[in-house]
Each structure stands twice: as structure tokens, then as C-alpha cells.
Amino acid sequence: MQNTANKTVEDLIARSNRLGADKRNTNFAGGNTSAKGTEKDPVTGEDVQLLWVKGSGGDLGTLKPGNLAVLRLDRLNALKNVYPGVDREDEMVAAFDYCLHGKGGAAPSIDTAMHGLVDAAHVDHLHPDSGIAIATAVDGEALTAKIFGDKVVWVPWRRPGFQLGLDIAAIKDANPQAVGTILGGHGITAWGATSEEAEANSLWIIDQAEKFIAENGRSEPFGPKLPGYGALPEAERRAKAAALAPVIRGLASTDKPQLGHFSDDAVVLEFLEAAEHPRLGALGTSCPDHFLRTKVKPLILDLPADASVEDSIARLQELHADYREDYQGYYDRHATPESPALRGADPAIVLVPGVGMFSFGANKQTARVAGEFYLNAINVMRGAEAVSTYAPIEESEKFRIEYWSLEEAKLARLPKPKSHATRIALVTGAASGIGKAIATRLAAEGACVVIADLNLANARAVAAELGGPDVAIGVQADVTDEAQIAKAIQEAVLAFGGLDLVVNNAGLSISKPLLETTEKDWDLQHNVMAKGSFLVAKAAAKVMIDQDMGGDIIYISSKNSVFAGPNNIAYSATKADQAHQVRLLAAELGEYGIRVNGINPDGVVRGSGIFAGGWGAKRAAVYGVDEQELGKYYAQRTLLKREVLPEHVANAAAVLTSAELSHTTGLHIPVDAGVAAAFLR
């Protein structure tokens, strides 16, 4: 039960949003905040003491009342009487459900005990880079005393859970002067009698840690620069990243398909040019929130920045095989008969000196956030190495977190992936009409979509409609220009990691009889659709082959590719060209697992950019009907007597590129409501 009229809740949300908005304080979805207060019991009408705490999976920066778990404090504290000890720690999360107030709100997280058992009205648990730097220093306990005196107390590493809550509660009781703790290997916890006091104490700890590192840290915490490992110039860097991205994504998707994110943040580039980066990278991350998303450690290419793309690919393939073997060994060393099965041995973070970082996840947001977390990890290593020696938690403890039964249960609760989840689609002419309908449908089915169009502003507007950069991006592309196509595909692979699905939809139509069709008309029609489709398919196929993950190429052809109508020589001839490209490419690309299929629409008047651009008026004149009645005219000449809309073409595109038709290639699907003269023979 959440009540935004409750000032305790209002203050908690405001504090959480402020803390979460600054990445110095905590990472996306990391940390949690809480408040204790009073509310009426809806059954008895009496006051009841409650705990409001960020629920499992929430994010502080965007926290809303509905993301809070609400528990009765009397019942939560009573759990101390039945706590079975650290060996049965996991049972306590299920026990939190019996402490919920009313409908309870969000699911309680593993950190609920830390908030509920500590005798303070307001508690913050955060993952600031500066705090974790002290927490992961080999002499973190001594540094804590040196930096904070007796106001902040060191807590040796303990896996999050009920016992950690008991430990912090005992520290708070024994140290009335303390305002918080440094949690070894993990982060910070702070508290206060008011929301303002808790926030001030959290920020004070963060600021003091930052100040100490800045004033006492070594100038080169990562060691001297390695010759040849510096950042490449931006254009060269991004070109190399685009060339490597599909191969890296394919490697990272060996066990299951992944989406990617690329970052050439200065923090990453500086880390990779320093001498100590191989040692530190091998040590891996420490904070549980970090390595759950980044895996225990990254894969790091051990070649200088000017290594060729070919040499880099060859070495990445070798290192990937080694990484998988090493990860399997990590699993085998620590797994017990009760452990969840190995979830996949591919890296989540791949680092390329001079170029940047590739991060991966089951969706774009997860991939992006994994990269953000590794940026946090680099900052943590910098701080720890500046004032001490970086010493993350033991590998065995990392395994206990990564393969925790509670983590497995959280993964099992995730919704079933949609049909096009992890797929990256590029649709040409996608800012309007059929292209926009296809892009919208693919995004709804879980795909990430690149909206390619001559009009960049419109392309970006459609991308924003579909959900923004974690779902779609808008790029400019004149499909008759090979350089523009290359740039659009570069943007696609840098945004999402690669390319799985291309829809050749861009087009125009010139409706004239033979004797009125000029050479210019003919060339324009063929350049945009026949040549344009060829250039897009060629560039896309290169990426798909490099990925080694198969793929789909769809041509939006036309009923006119097989039907001979009047006054339509240029358009129909180029559509026939596109239709045969489908057959030719299906025959050629099948060995790479790339399917090539076509869709033959007819009479798509409403919502069509082509018809709105004058084609409709010309076709209406040919058939002797009013332009406003053209859609109905087309419908009446079909077997089904139904008007065809852009959404119907989008339906066919979604089905053709789904797993249900995984064994279909070289096919043309009519979407024309039944035109007998256009039946495929």
C-alpha cells in the first residue's frame, strides 16, 4: 500500500531521486533507500509502524511510490527470533513476504534487512565509486579510520542478506557517534534521524572519500602509458569499432544471442593505454551489482591500437576460446550439486585498446548499463590503486553471488522474451508509410530498430516515438549512395552491436505510359529501388556474415513485380528486378544462414508515402476514379474485397522474420487481399 499523501514517502522518493540522479552516488538500479514511519492499518484503523524501502529491481533516480516495498516493522524485527543462521540465509527473503503491509508494493530485495533492522528512521545504501574504492583497497579498514575517524565504521565483506543487516544494526548500536559504514568490497551505508540528515551523511561519506583520493592519490594509479596503446583519432576509432563490432557480437553470442553497446569514453581509453590494465582487468570487479552485470572479468584484446582489423579479429577469436575455457574452470571450481546450471561462458565486456568498450546483454538497456557499470569499476580501481592496492572480494564469493539461488529465482521471474528480442533491424524509408509500420511492429515484437530515411528529422522523430535510443535510432540514408549506406550501417552496429534483419522498403513511383517515360524517370526509379536494394543488401550481408548469426533480408516488392498493368513501365520493371534479387540472394546467402524473402503488397493507399506523393492521383486517373476512393477501388477488385493497409504489410514482415518461418527463404508473400492476376506461378 503506497500513499503519496504520506510525507514520509514523499520525502523518501525525493531523496532517492536526488541521490540516484548523480552517478557519483550510485549506478543505475544500484543501491537502495528506506524510511520508517506511521500509517493507519486499513483493517484495525490503528497506527502501525512501517518500513518503506526500494523494492527489488528498482532504480533510485526514477523511483516512484509503486517501486517501494512496504513492510510492518514489528513483524520484520520478529524475524530475528526465527533467523536460522548464515547457512540458511536465502530463506529470509521469502520470509519478508510475511511481513508485508496491505498489498505490500514491490517485491522486497535482499537488502531489506539492512534497512529494517538498523535503528534509524532513514537509511541509504549506495554504490559510489569513491566509497567502493576504499571498500576494495587492500587496507580498506585502516583507510576508513584514517579518512572518517570514528564517524564511519568498517564492515568486513559479507554477502548481502539478513546477517549483514544484523551486523550493521549492531555497529549502529555500539557506535552512537557513527553516521554510516564502509562495507568491505561492496559500498556504503549511511543513516539519519531525518531524510535530510541521512542524505547529508551519505553525501559527506562520498565527498570525504573523493577528497582523500584526490589529495593523497598517485598521479598515475594505472601505471605509465604503454607505447602504441593510446586512443586512435575519433573517426579512425569509430571505423575500427564498427568493423570489429559484428565479430565481437557474434563471439559474445556463442551461447545465446546478445545485444551490444559501444563506448569510447575517455575513462575506458585511458585505462587501456596504461601499463597496469591487464593485471587489474584480470582481477575483475568487486561490488555485487557490478559483476552481476559485467561478469567476473572482461575479455581484453592484448594488441596495440594500430593492430589491423584482420589481426585483431584473429586474436579476439583466440582470446574468446581462452575466455570460455577459463570461465568454465571458474564455474567448475566453485559449483556444488545445488548450484544453478552454467548460464553462459561468453564475456559481457570486451575491451579493445585505442578503440573502446563493447558491452552485451539480453536487451539494449542491459548492454548499455553493463558498460556503465564497468566504467564504475574502472573508477573504483583507479581510486583504490591511487591510495593503496586494489583487492576485490575472493573469486569464491563472486561465484556465490553470481550463482545465488535468489539471483536464479529473479531471472526465472523475467517475462518470456518476445519473438524478435535480441534482433537488430534496419528498415529503409522507415519515417512514414509501410516502412514506419514495419519498424513499429518489429519494435513491438522486441527488436531494436534503425529508422533509415532521407529525412533525418523525421527518422529521429519516429525513433523517439518507438522508445528512444534503447529501442530505436534514426539515421539518414540515401539508398542510392553507397557511402551513406555504409555510414547508416556503421551507426547501427555501434548503437546495437550488429545487424540481424534488413527491410528494403525505400521507394518511389513514377506512373507514366511508355512514350512519356523519360530516361531520367527510368534511372531514378531503378537507382532508388533496384540499385538501392542491391547496395543495402550487400552492405548488410557483410555484417551478417561477419557476425555468423544468420539473418534476414526482406524486400518490399509489389504485386506489380508479376502483374502487367498499364502506364507503369519504370515502376513495375524495377519491382520485378527487386523480386528476382530475392531469389538470387536467397540462393547465394543460404550457406550463411541468411534468409531472403519478399512481400508483394498492392493498393496500400492510406498511410502510404508513395501514394501521397502524387502516385495516387496518377493511378486514380488511370482507373477513372476519385483519388479519395482509390483505396476502396483497389479493395473491390480483390478476391477478399478488403483494403490493404501498411499494418498488413508489417504483419507479413514480422511473420517472415520470426522463428516460425525459420526454414523459409526465397519466398514472396502476396499482401494484396487476393489479386488473381498476380498469383505466383
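For reference, positions follow the sequence shown, starting with 1.
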Test L68 against every option in V53, N32, L12 by the side chain to side chain contact (heavy atoms under 4.5 Å, CB included) rule and name the one that passes.
L12
Qualifying residue for side chain to side chain contact (heavy atoms under 4.5 Å, CB included) with I168, from L183, D173, V153, V123
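Single side chain to side chain contact (heavy atoms under 4.5 Å, CB included) partner of I168 among L183, D173, V153, V123: L183.
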Determine whether a donor-acceptor pair (N or O, by modelled atom type, separation under 3.5 Å) exists between the side chain of [X] and the backbone of [Y].
{"X": "N17", "Y": "L63", "answer": "yes"}
{"X": "N201", "Y": "W191", "answer": "yes"}
{"X": "D59", "Y": "T62", "answer": "yes"}
{"X": "K364", "Y": "L259", "answer": "no"}
{"X": "N363", "Y": "T366", "answer": "yes"}
{"X": "K54", "Y": "L60", "answer": "no"}
{"X": "S130", "Y": "I206", "answer": "yes"}
{"X": "S286", "Y": "I393", "answer": "yes"}
{"X": "N175", "Y": "I171", "answer": "yes"}

Matching residue for Y330 among E402, E395, K398 - test: side-chain hydrogen bond (donor to acceptor under 3.5 Å, both in side chains):
E402
The single option from E197, K36, R15, E196 that satisfies side-chain hydrogen bond (donor to acceptor under 3.5 Å, both in side chains) with H122 is R15
Heavy atoms only: give me the nearest [X]-[Y] pair and the separation to one decimal.
{"X": "L269", "Y": "A231", "result": "CD1-CB, 3.8 Å"}
{"X": "V48", "Y": "D41", "result": "CG1-N, 4.1 Å"}
{"X": "D150", "Y": "Q177", "result": "O-NE2, 3.0 Å"}
{"X": "P298", "Y": "G281", "result": "CD-O, 3.3 Å"}
{"X": "A190", "Y": "S202", "result": "CB-OG, 3.4 Å"}
{"X": "F496", "Y": "P469", "result": "CE2-O, 3.5 Å"}

Test side-chain contact (heavy atoms from CB on, under 4.5 Å) on E270 and I378; report intermediate values, then the result.
CA-CA 10 Å; E270 290 166 6; I378 292 173; over 6 Å; no
Ion pair check, [X] and [Y], cut-off under 4.0 Å:
{"X": "E397", "Y": "R400", "answer": "yes"}
{"X": "R382", "Y": "D129", "answer": "no"}
{"X": "D11", "Y": "K7", "answer": "yes"}
{"X": "R159", "Y": "E89", "answer": "no"}

Under the side-chain contact (heavy atoms from CB on, under 4.5 Å) rule, what do Q208 and V152 come out as? Steps first, then yes or no, please.
CA-CA 11 Å; Q208 289 299 109; V152 177; over 6 Å; no
For [X] and [Y], take the angle between the two ring planes, folded into 0 to 90°, and tell me which bin it lands in: parallel under 30, tilted 30 to 60, perpendicular over 60.
{"X": "H277", "Y": "Y229", "answer": "tilted"}
{"X": "Y327", "Y": "Y403", "answer": "tilted"}
{"X": "H186", "Y": "H127", "answer": "tilted"}
{"X": "F358", "Y": "F262", "answer": "tilted"}

Using side-chain heavy atoms (C-beta onward) and a distance below 4.5 Å, is [X] in contact with [Y]?
{"X": "M92", "Y": "P84", "answer": "yes"}
{"X": "P108", "Y": "V93", "answer": "no"}
{"X": "F222", "Y": "M381", "answer": "yes"}
{"X": "I182", "Y": "I147", "answer": "no"}
{"X": "S253", "Y": "D346", "answer": "no"}
{"X": "L164", "Y": "V155", "answer": "yes"}
{"X": "E372", "Y": "N27", "answer": "no"}
{"X": "E385", "Y": "T389", "answer": "yes"}

Are more than 12 heavy atoms, taken from residues, nucleotides or ligands other than [X], located less than 6.0 Å from that residue's [atom1] atom?
{"X": "R368", "atom1": "CZ", "result": "yes"}
{"X": "R24", "atom1": "CZ", "result": "yes"}
{"X": "E394", "atom1": "CD", "result": "no"}
{"X": "D119", "atom1": "CG", "result": "no"}
{"X": "K297", "atom1": "NZ", "result": "no"}

How long is the straight-line distance from [atom2] of [Y] back to [atom1] of [X], given to the nearest 0.5 Å?
{"X": "L73", "Y": "H101", "atom1": "CG", "atom2": "NE2", "result": "11.0 Å"}
{"X": "S388", "Y": "L143", "atom1": "OG", "atom2": "CG", "result": "5.5 Å"}
{"X": "R293", "Y": "N376", "atom1": "CZ", "atom2": "CG", "result": "10.5 Å"}
{"X": "L280", "Y": "Y390", "atom1": "CG", "atom2": "OH", "result": "8.0 Å"}
{"X": "L100", "Y": "L76", "atom1": "CG", "atom2": "CG", "result": "10.0 Å"}
{"X": "F373", "Y": "F28", "atom1": "CZ", "atom2": "CZ", "result": "8.0 Å"}

Between M357 and D265, does the side-chain contact (heavy atoms from CB on, under 4.5 Å) criterion hold? Intermediate values first, please.
CA-CA 8 Å; M357 171 175 59; D265 191 289; over 6 Å; no
CA sep, side-chain torsions, deciding dist, call: Y374, S263, side-chain contact (heavy atoms from CB on, under 4.5 Å)
CA-CA 11 Å; Y374 201 78; S263 171; over 6 Å; no
